[in-house]
2 protein chains.
Amino acid sequence: MSKINLKNLASELELSISTVSKALRDSYEIGHDTKKRVLEKAKELGYRANPYARYMRHHKSKTIAIVIPEMVNSFFLQVINGAESIAREKDYHLLIYITHEDAQKEISIINHLQNGRVDGIIMSLSSTVKDYSHLTECINNNIPIIFFDRICHEIETVKITTDDFTSGFIATEHLIQNGCRNIAYLSISENLSIDNKRMQGYIEALTKYDIGFDKSKIIKCNTDDKSNYRQIKKLLTGPAKIDGIFSSIEKFALTTYNVCRDLKIKIPEEIKIICFSNLLTADFLNPSLTTITQPANEMGATAASQLFKYLDKKRMEIPNENIIIKSKLMARGSTVA
Amino acid sequence: MSKINLKNLASELELSISTVSKALRDSYEIGHDTKKRVLEKAKELGYRANPYARYMRHHKSKTIAIVIPEMVNSFFLQVINGAESIAREKDYHLLIYITHEDAQKEISIINHLQNGRVDGIIMSLSSTVKDYSHLTECINNNIPIIFFDRICHEIETVKITTDDFTSGFIATEHLIQNGCRNIAYLSISENLSIDNKRMQGYIEALTKYDIGFDKSKIIKCNTDDKSNYRQIKKLLTGPAKIDGIFSSIEKFALTTYNVCRDLKIKIPEEIKIICFSNLLTADFLNPSLTTITQPANEMGATAASQLFKYLDKKRMEIPNENIIIKSKLMARGSTVA
DNA sequence: TTTATTTACGAAAACGTAGTAGTTATTTAA
DNA sequence: TTAAATAACTACTACGTTTTCGTAAATAAA
């Protein structure tokens, strides 16, 4: 017997399909002895209820998706880790999709998830997304989306972020307190609210310390590493005499390390660097990298938990809620001598 | 109309369900005008075929699982990246499961995947797994498993690895050629064939250069970081005068960096370190880390491609095949002055 | 003893899709 | 003019579960 299903089981036990089904679900309608017999046979034959047939009855896929912009990023992998733990705990399954920071891919992925394949989505926006109609459509189709980190303010739902404004402020203040006066901000994308908030924090700190905000010190990086390298190189060789860099994400900080090495600029003596990052090797870098470390694992776990909270309910009515989990400044060698 | 399905569509168009279904699949039985009308209405109402109902007809879930021992590891995340790309390309969906190096979790996960939820699995063994019955059972249940990196020799299937023996040999030879004579090997688990092969390569290199093999220089690490730290500390403060470390995985190398820092042992002057790793920051570490870099992305993509190759076929008959993709030695500061 | 209730089971329908087997109406061949 | 072929559509079934409804037998209440 290749595929063992209720029908096979029933005929093997000389019972009806309904009886077997009920016995397996421990229904009060079935006698004790019969239940025992069914359970034993099911175990013997290795019966496992087919999840897709089950879906047909309840319209619950017991599956959620996590949609992230990129894989090679210590933040996202920790988020996945957190989300996967909660999913397994709740007996849910986790599908993974990577947008590669491509709006088209994100749209395509979200569209493909609106056919009942998943009960809900946790995601972080791609940096190139400007229009949110694919997301609102998805939610209107009763597939809830919970955002983490790169959230979408325009959509009413649960959003999990860190305290980006405050962290941006603290990061910049840290540079200032360590002697920087010409601080550049490496921006990931003006489309993203986290970027704006981190930058607002940066500007606020500059203001507090009476340092003029100079728009030319906002470097708009993108997904092209080489172009970022050139931009940063230009910045550091330019007239601005940059002595501090606050990077919105870790990738740009590493590119900055690269540029500094090539230009023989000494960190932290000539320039200090701080960035948002969850790199486990931050402490071992040369010099060790000062980071704003986000509670990535917790954010992933929270996103998943929040989603399940609403999936369990009959009528899904996801409130607009901002859950903020604080980041930590980890001062290291790239900012402190 | 909340959920739009074939039935709704049909009644909206005043056609039968079969006609609509056939029109959508571009059947020759349906007239040109009708097809057009159906397509337009389907688009207008945003019809999307339910994947689970589809499964009921074809018994194809269009879903595969990737099962990995841990998330926070640059190798596995690149593998996922590669696998996800191929999956999307083929219009498949990728479920992710993390065993956390726990045999019980691995067994539980594999058991849960034998109910038709996935068409196939790509996986890397957990280090604590000694018995393979859950895997053979899974394959007997017609769910093919393709292994990558931490493969299972005892099971006949496609296995994707790097040239572990040769790489182990080259790594050790590299240490020897840079002056090491007392080389320790940090073993991940004697259960894993990659560990044995890497170690065999290590032993072979020692033999070639007439360096006696000393069993006490094989350090059996595990999943407990603190215990590993203690073991390595003991090794480096012991009488063996270790001047070279070959670590089977990157985590132990980083622990060694930690130990060296705490003991003020200079890398590479007093001790040289090489390890299998895909760390993107290897170049920025202090000192930069010499690695055997595996083609992780390619391994993930190959694993997925191979799986799809057999899933497409009617009768799945997966041959026993070893696909070996070569690693590269990246000599850096931890072994070269 | 008769009627009501409980116990333990089975028949059948439904979920959404896709394919098989009809069924008209129209066109072509004999 | 009739038979055969084709075009364009529909009815119905199956996939594996779960659940509603039904029913017979056993037990309890009247």
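Please read these numbers as outputs of a predicted model, since none were measured by experiment. Numbers restart at 1 for each chain; the letters A, B, ... are given by sequence-line order, proteins then strands. In what follows, every heavy atom counts, from backbone to side chain, and hydrogens, waters and symmetry copies are set aside.
Not one N or O on the side chain of Gln78(B) forms a donor-acceptor pair closer than 3.5 Å with the backbone of Ala296(B). Within the 3.5 Å criterion, the main-chain N or O of Ile17(A) finds no donor-acceptor partner in the side chain of Ser21(A). Remark: side-chain polar atoms of Thr99(A) are not paired, donor with acceptor, to backbone N or O of Lys105(A) under 3.5 angstrom.
Leu15(B) comes within 4.0 angstrom of sugar-phosphate atoms only, judged by non-hydrogen atoms across all strands, and of no base. Among the heavy atoms of the strands lying under 4.0 Å from Thr34(A) are primed sugar atoms or P, OP1, OP2 only; no base atom is included.
With sequence neighbours left out, Lys62(B) forms a salt bridge (charged side-chain N to carboxylate O under 4.0 Å, His left out) with no residue at all.
Rounded to an integer number of Å, the gap from Lys60(A) NZ to dC15(C) P is 17 Å. As rounded to whole Å, 7 Å separates atom C1' of dC15(C) from atom CZ of Arg57(A). Taking atom CZ of residue Arg117(A) and atom C1' of nucleotide dT17(C), one finds them 14 Å apart after rounding to whole Å. In this structure, Lys3(B) places its NZ atom 14 Å from P of dC15(C), rounding to the nearest Å. The CD-P distance, from Glu29(B) to dG22(C), rounds to 14 Å in whole Å. Straight-line distance from the CG atom of Asp33(A) to the C1' atom of dC9(C): 14 Å, rounded to whole Å. Per the geometry, CZ belonging to Arg48(B) stands 16 Å off C1' belonging to dG16(C), to the nearest Å. Spacing between atom CE of Met56(A) and atom C1' of dC15(C) amounts to 4 Å, rounded to whole angstrom units.
Close to dG16(C), at under 4.0 Å from its OP1 or OP2, lies a side-chain N or O of Asn5(B). Under 4.0 angstrom from either OP1 or OP2 of dT17(C) there lies at least one side-chain N or O belonging to Tyr47(B).
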With a cut-off of 3.5 Å and sequence neighbours excluded, list every side-chain donor-acceptor pair involving residues 48-56 of chain B.
from	atom 1	to	atom 2	distance (Å)
Arg48(B)	NH1	Asn111(A)	O	3.4
Arg48(B)	NH2	Gln114(A)	OE1	3.3
Arg48(B)	NH2	Glu137(A)	OE2	2.6
Asn50(B)	OD1	Tyr52(B)	N	2.8
Asn50(B)	OD1	Ala53(B)	N	3.0
Asn50(B)	ND2	Tyr55(A)	OH	2.9
Asn50(B)	ND2	Asn115(A)	O	3.4
Tyr52(B)	OH	Arg117(A)	O	2.4
Tyr55(B)	OH	Asn50(A)	ND2	2.9

List, one per line, each side-chain donor-acceptor pair under 3.5 Å for residues 80-92 of chain A, sequence neighbours excluded.
from	atom 1	to	atom 2	distance (Å)
Glu84(A)	OE2	Ile98(B)	N	2.9
Ser85(A)	OG	Asn81(A)	O	3.1
Arg88(A)	NH2	Ser108(B)	OG	3.3

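Checking Glu101(B) against Ser127(B) by side-chain atom types alone, a donor-acceptor pair falls below 3.5 Å.
With axes fitted over five pairs at each extremity, the angle between the ends of the helix from dT1(C)-dA30(D) to dA30(C)-dT1(D) is 60° (10° resolution).
Using a 4.5 Å cut-off on side-chain heavy atoms (C-beta onward), Ile4(A) and Glu12(A) make no contact.
Between Glu40(B) and Arg37(B), none of the side-chain N atoms (NZ, or NE/NH1/NH2) sits under 4.0 Å from a carboxylate O, so this pair counts as no salt bridge. Between Asp119(B) and Lys60(B) there is no salt bridge, since no side-chain N of the basic residue sits under 4.0 Å from a carboxylate O of the acidic one.
In Glu321(B), the CD atom is crowded: over 12 heavy atoms of neighbouring residues, nucleotides or ligands sit closer than 6.0 Å.
Using cut-offs of 30° and 60° on the angle between ring planes, the pair Phe76(A) and Phe148(A) is perpendicular.
Running 5' to 3' along DNA chain D, contacts with non-hydrogen atoms of chain B at under 4.0 Å begin and end at dA8(D) to dG16(D).
For DNA chain D, the neighbouring residues in residues 18-26 of chain B, judged by any heavy atom under 4.0 Å, are Ser18(B), Thr19(B), Lys22(B).
Nearer to the 5' terminus of DNA chain D, by closest-nucleotide assignment, is the contact made by His32(B) (compared with the other of Ala53(A) and His32(B)).
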